[in-house]
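This report refers to the structure that appears directly beneath it.
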Amino acid sequence: MSDTKVTMPAYVPPPPRRLLEPHRIFLIAVFGVIVFCAIYFMRWDWLPKYQTRLFYGIGETLFLLFSTAAVGFLLALPIGLVQVTGPWPLAALARGFCTLIRGTPLLLQLWLLYYGLGSVFAQYPEIRQSMFWPYLRDAWPYGFTALMLSFAAYEGEVMRGAFAGVPRGELEAARAFGMSRFTMFRRIWLPRAFYRALPTLSGETVLQLKSTPLVATITVVDAYAVITRVRQDTFLVYEPLLLLALIYMCLTGILVLLFRYLESRIPSRGA
């Protein structure tokens, strides 16, 4: 037997792909033809009349998205954590909540809150005469609650897997250094779990954006509601819907770029 060592060649990363490759040039050309045909052959004379409402609807969509995602993520942290650490009654309650919300359609939850719970509130004179009635009779709080609970349930399951996936050796090392449970959670467990869940969080936020048009079914005026009003007033079909698709594509692209920037700012060593 020979004692000669076999050395593997060093890994050489492939060269970066060029921006203007043949298939990309073809797709850009096709997209340019579609945009030209849409501008030249379709009616857009209605756009100046509705642009103020449209900007308001886009702002309402963005506010609904970020508020429900932020509050839902804060609620998802204890939901995911309690399923990993216990105690078992709270863990069972958290699992039941995630199963119920994820197993039923969001539109059904939205209608149960608005038409069901809202009608129950209206039956009590004490509630109608209280200071909260102007808010309880409005559709926005019910839309916010439904979207927030949905995001919390889905992200609660994501964070459960992220918390459980953090190596136990790192947590044991933190205890060996004398860290308290809260310090260990704040400095090690939560940052590591957040980095693991970040790609999924990006996808769930995009899905949350695409779920916001459902609030138009309970009279919340978002971008989809404005486009629906345009279709009813002008009897146009394709132009308003194409504009709505373009708006959501742009918003989705911005969200993806923001999350990719956030991922690039977080150190990935050992993740």
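Worth saying up front: this structure is predicted, and the values here are computed from it rather than measured. Hydrogens, waters and symmetry mates play no part in the numbers below; they use all other heavy atoms, side chains included.
Put simply, CG on Leu149 and OH on Tyr154 are 12.5 Å apart, with the number rounded to the nearest 0.5 Å. Rounded to the nearest 0.5 angstrom, Arg231 CZ and Leu244 CG are separated by 10.0 Å. From Leu190, atom CG reaches atom CG of Leu77 across 6.0 Å, with rounding to the nearest 0.5 Å. Separation of atoms OG1 (Thr234) and NZ (Lys49) is listed at 9.0 Å; rounding is to 0.5 Å. Distance check, rounded to the nearest 0.5 Å: CH2 of Trp111 to OG1 of Thr217 gives 6.0 Å. The CH2 atom of Trp189 lies 9.5 Å from the CZ atom of Arg181; values are rounded to the nearest 0.5 Å.
The two residues Tyr248 and Ala223 make their nearest non-hydrogen contact at OH-CB, 4.4 Å. The two residues Ala174 and Met184 have their closest heavy-atom pair at CB-CG, 3.7 Å. The shortest non-hydrogen separation linking Phe151 to Ala69 is CE2-O, 3.4 Å. Between Thr219 and Ala139, the shortest heavy-atom distance links the atoms OG1-CB, 3.6 Å. Residues Gly143 and Ile218 approach most closely at N-CD1, 3.8 Å, considering heavy atoms. Closest approach of Arg196 and Pro167 over heavy atoms only: NH2-CD, 3.9 Å.
Residues Pro141 and Phe144 fail the side-chain proximity criterion, which asks for heavy atoms closer than 4.5 Å. When side chains are defined from C-beta on, Trp46 does not count as touching Asp233, because their heavy atoms never get closer than 4.5 Å. Within the 4.5 Å cutoff, no side-chain heavy atoms of Trp133 are placed close to those of Tyr124. Ile188 has its side chain within reach of Leu171: a pair of non-hydrogen atoms, C-beta onward, lies under 4.5 Å apart. Side-chain contact check for Ile247 versus Cys250: every heavy-atom pair is 4.5 Å or farther apart.
In terms of hydrophobic clustering, with Ile, Leu, Val, Met, Phe, Trp and Tyr side chains grouped at heavy-atom distances under 4.5 Å, Leu236 and Leu54 are assigned to a common cluster. In the hydrophobic cluster analysis, where Ile, Leu, Val, Met, Phe, Trp and Tyr join through side-chain heavy atoms closer than 4.5 angstrom, Leu65 is grouped apart from Val220. At a threshold of 4.5 Å between side-chain heavy atoms, the hydrophobic network of Ile, Leu, Val, Met, Phe, Trp and Tyr places Leu100 and Leu110 in two separate groups. Hydrophobic clustering (side-chain heavy atoms under 4.5 Å, transitive across Ile, Leu, Val, Met, Phe, Trp, Tyr) groups Phe66 together with Tyr56. Linking ILVMFWY side-chain heavy atoms closer than 4.5 Å, directly or via other members, places Phe259 and Phe73 in a single hydrophobic cluster.
By the ring-ring contact (aromatic ring centres under 6.0 Å, His included) test, Tyr135 is found to be paired with no residue, residues two or more places apart in sequence or in another chain being considered. Partners of Glu239 under the side chain to side chain donor-acceptor pair (under 3.5 Å) rule, at least two apart in sequence or in another chain, do not exist in this structure. By the side chain to side chain donor-acceptor pair (under 3.5 Å) test, Asp138 pairs with no residue at all, sequence neighbours left out. Take Glu60 and apply the side chain to side chain donor-acceptor pair (under 3.5 Å) test, not counting sequence neighbours, and it matches Trp140.
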Quick one, Leu243 with Val230, criterion side-chain contact (heavy atoms from CB on, under 4.5 Å). Give me CA distance, side-chain angles, the key distance, then yes/no.
CA-CA 11 Å; Leu243 179 61; Val230 172; over 6 Å; no
Evaluation steps, side-chain contact (heavy atoms from CB on, under 4.5 Å), between Tyr224 and Thr212:
CA-CA 9 Å; Tyr224 176 77; Thr212 54; over 6 Å; no
Please report the C-alpha distance between Phe163 and Phe185 in whole Å, then the side-chain angles of each, then the deciding distance to 0.1 Å, and finally whether the side-chain contact (heavy atoms from CB on, under 4.5 Å) criterion is met.
CA-CA 10 Å; Phe163 282 128; Phe185 175 78; 3.7 Å; yes
Worked verdict on Val237 versus Leu241 for side-chain contact (heavy atoms from CB on, under 4.5 Å)
CA-CA 7 Å; Val237 178; Leu241 293 180; 4.3 Å; yes
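There is no side-chain donor-acceptor pair under 3.5 Å between Gln109 and Ser150.
Side-chain atoms of Arg128 come within 3.5 Å of backbone N or O of Ala122 as a donor-acceptor pair. Gln83 places a side-chain N or O within donor-acceptor distance of the main-chain N or O of Ile79, the cut-off being under 3.5 Å. Put simply, the side chain of Tyr142 never gets that close to the backbone of Leu117: no donor and acceptor are under 3.5 Å apart.
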List, one per line, each side-chain donor-acceptor pair under 3.5 Å for residues 198-209, sequence neighbours excluded.
residue, atom, partner, partner atom, Å
Thr205, OG1, Leu201, O, 2.7
Gln208, NE2, Thr68, OG1, 3.1
Gln208, NE2, Leu147, O, 3.1

Would you mind writing out the side-chain donor-acceptor pairs for residues 25-44 within the sub-3.5 Å range, not counting sequence neighbours?
residue, atom, partner, partner atom, Å
Arg43, NE, Asp45, OD1, 3.3
Arg43, NH2, Asp45, OD1, 3.4
Arg43, NH2, Asp45, OD2, 3.4
Trp44, NE1, Ala38, O, 2.7

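In this structure, Glu263 does not pair ionically with Arg260, as no charged nitrogen and carboxylate oxygen lie closer than 4.0 Å.
No more than 12 heavy-atom neighbours from other residues, nucleotides or ligands sit within 6.0 angstrom of CZ on Arg187.
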